[in-house]
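The chains referred to below are lettered A, B, ... by the order of the sequence lines, with proteins before strands, and numbering in each begins at 1.
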2 protein chains.
Amino acid sequence: MNENVSPDERLRQMIARLKESDNRVTPQRYAVLKVLAHSFEHPSAEDIHAQLLDNFPTMSLATVYKTLALLKQQGEVLELEFSDLCNRYDGNKPYPHPHVICTGCGAIVDPSFQDFAEISQKMMDETGFKIVAHRFDFYGLCPDCQNSE
Amino acid sequence: MNENVSPDERLRQMIARLKESDNRVTPQRYAVLKVLAHSFEHPSAEDIHAQLLDNFPTMSLATVYKTLALLKQQGEVLELEFSDLCNRYDGNKPYPHPHVICTGCGAIVDPSFQDFAEISQKMMDETGFKIVAHRFDFYGLCPDCQNSE
DNA sequence: TTATTTACGGATAACTATTATCCTTAACGA
DNA sequence: TCGTTAAGGATAATAGTTATCCGTAAATAA
């Protein structure tokens, strides 16, 4: 599962994967990968774009989306979809895992609990589905937002 | 939690709740509630609208959305949000519960597992969040879609 | 019953995150 | 260095949902 990998090592992994599949590692792509590897707050496409504008003033938001789409296809980024908000991305742990989401400020953190094998098997046994992914989100207020109420 | 309530009883509950809060129960709203109470396949807004066009040829899709928004606000319907697909609605069990979702045909079924108290408490202890809701989705292929591959 | 007020329904415009399109430019191999 | 092809940038298009506006129906009071 490649857990507990440093941001730089994770960056190398993503670059290697792109090269293996004959995709070019352009300066723009490298920059997006770097932000993803070093971000633990699950940034949105616009967050990533905003962070890159300093060094890449002409960086298009479309390029960020295209790079994210490529990484999704390679299984190198996890997309957290929201219908009413913008999607958020996790490049450090691209496999399904639980998230705790603040409905006040939008913060997203990863809890340590990760064990879904058993419960996933239970669901398959009961429903006959062949389950390949899952989503486990908890919604509430983070400590900061609780205090500032 | 009002589990295992018959569709007709569930319909009465929703109507009662609307009247309590001084909302009118118009023929259009009644029709939307009825579809929600009798549907177990988690219909979309358009599904509901399509089912009603026979008896209400002038029913507007906006009316369906408005009624769903009202029910959401009252906590009488659960909205399952998808960023790439249309949202789906559960009027029978308006509280958070797990779903098993077919990525082939879009079918959504409710497994029997419902116990989230313990795991929810664990998340609160670890993160300091005050958790009020959750989402637990399993994605895979239903038996029918597995066979027709 | 009638008048009055207010909420509701219907049609449609607006919104917004994301994707597609199109053309130019940059990357890589020979 | 040249030629091929993928990638970037700007912008149009998409689609589910929400907002707006006005006519109408529902509830209340006289």
Side-chain angles (χ1 to χ4, degrees), chain A residues 14-15 17-35 42-74 76-89 106 108, chain B residues 14-15 17-36 42-74 77-89 106 108:
Chain A
M14 291 196 280
I15 291 169
R17 174 61 68 94
L18 282 190
K19 287 182 176 172
E20 279 170 26
S21 53
D22 290 321
N23 287 106
R24 295 177 187 168
V25 181
T26 62
Q28 291 93 335
R29 278 186 183 167
Y30 181 84
V32 172
L33 300 192
K34 197 170 174 183
V35 169
H42 308 80
S44 67
E46 244 170 321
D47 291 337
I48 297 168
H49 182 242
Q51 284 189 52
L52 295 176
L53 278 182
D54 281 346
N55 290 327
F56 297 83
T58 67
M59 168 80 74
S60 167
L61 185 55
T63 299
V64 177
Y65 275 111
K66 283 177 191 169
T67 305
L68 288 170
L70 178 61
L71 292 171
K72 266 192 288 178
Q73 177 201 315
Q74 310 255 112
E76 291 297 317
V77 73
L78 181 70
E79 182 178 52
L80 289 177
E81 302 184 29
F82 299 95
S83 85
D84 53 343
L85 308 167
C86 51
N87 294 347
R88 307 278 288 269
Y89 298 88
I108 301 181
Chain B
M14 291 197 280
I15 291 170
R17 173 60 69 93
L18 282 190
K19 286 183 177 171
E20 279 169 26
S21 53
D22 290 322
N23 287 107
R24 296 177 187 168
V25 181
T26 63
Q28 291 93 335
R29 279 186 182 167
Y30 181 86
V32 172
L33 300 192
K34 198 170 174 184
V35 169
L36 282 171
H42 308 79
S44 67
E46 245 171 319
D47 290 338
I48 297 169
H49 183 241
Q51 284 189 51
L52 295 176
L53 276 183
D54 280 345
N55 290 326
F56 295 85
T58 66
M59 169 79 74
S60 168
L61 185 56
T63 299
V64 176
Y65 274 111
K66 284 177 192 171
T67 305
L68 287 170
L70 178 61
L71 291 171
K72 266 192 288 177
Q73 177 201 316
Q74 311 258 112
V77 73
L78 181 70
E79 183 178 51
L80 289 177
E81 302 183 30
F82 298 95
S83 83
D84 54 343
L85 308 167
C86 50
N87 295 347
R88 307 278 288 267
Y89 298 89
I108 301 180

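Mapping Phe82(B) and Thr26(A) onto DNA chain D by nearest heavy atom places Thr26(A) closer to the 5' end of the strand. The 5' end of DNA chain D is approached more closely, in terms of each residue's nearest nucleotide, by Met59(A) than by the other of Glu79(B) and Met59(A). The residue among Ala62(B) and Ser83(B) whose nearest nucleotide of DNA chain C is located toward the 5' end is Ala62(B).
Between Glu79(B) and Leu68(B) the shortest side-chain heavy-atom distance does not fall below 4.5 Å. At a threshold of 4.5 Å between non-hydrogen side-chain atoms, the residues Thr67(A) and Gln28(A) do not count as touching. At least one side-chain heavy atom of Leu71(A) sits under 4.5 Å from a side-chain heavy atom of Leu33(A). Side-chain contact between Leu70(B) and Leu18(B) is present, with heavy atoms from C-beta onward closer than 4.5 Å.
Counting non-hydrogen atoms under 4.0 angstrom, Asp84(A) reaches nothing in the nucleic acid. Among the heavy atoms of the strands, none lies under 4.0 Å from Pro57(A).
Here the closest heavy-atom approach between residue Phe56(B) and residue Ala31(B) is recorded as CE1-CB, 3.5 Å. Closest heavy-atom contact between Leu61(B) and Ala45(B): CD1-O, 3.9 Å. When all heavy atoms are compared, the tightest approach of Phe82(B) to Asn87(B) is N-OD1, 3.0 Å.
The span of DNA chain C lying next to chain A, judged by atoms under 4.0 Å from heavy atoms, is bounded 5' to 3' by dA17(C) to dA27(C). On the nucleic acid side, DNA chain D has its first and last nucleotide under 4.0 Å of a heavy atom of chain A at dT5(D) to dT11(D), going 5' to 3'.
Other residues, nucleotides and ligands contribute more than 12 heavy atoms inside 6.0 Å of the CD atom of Glu81(B).
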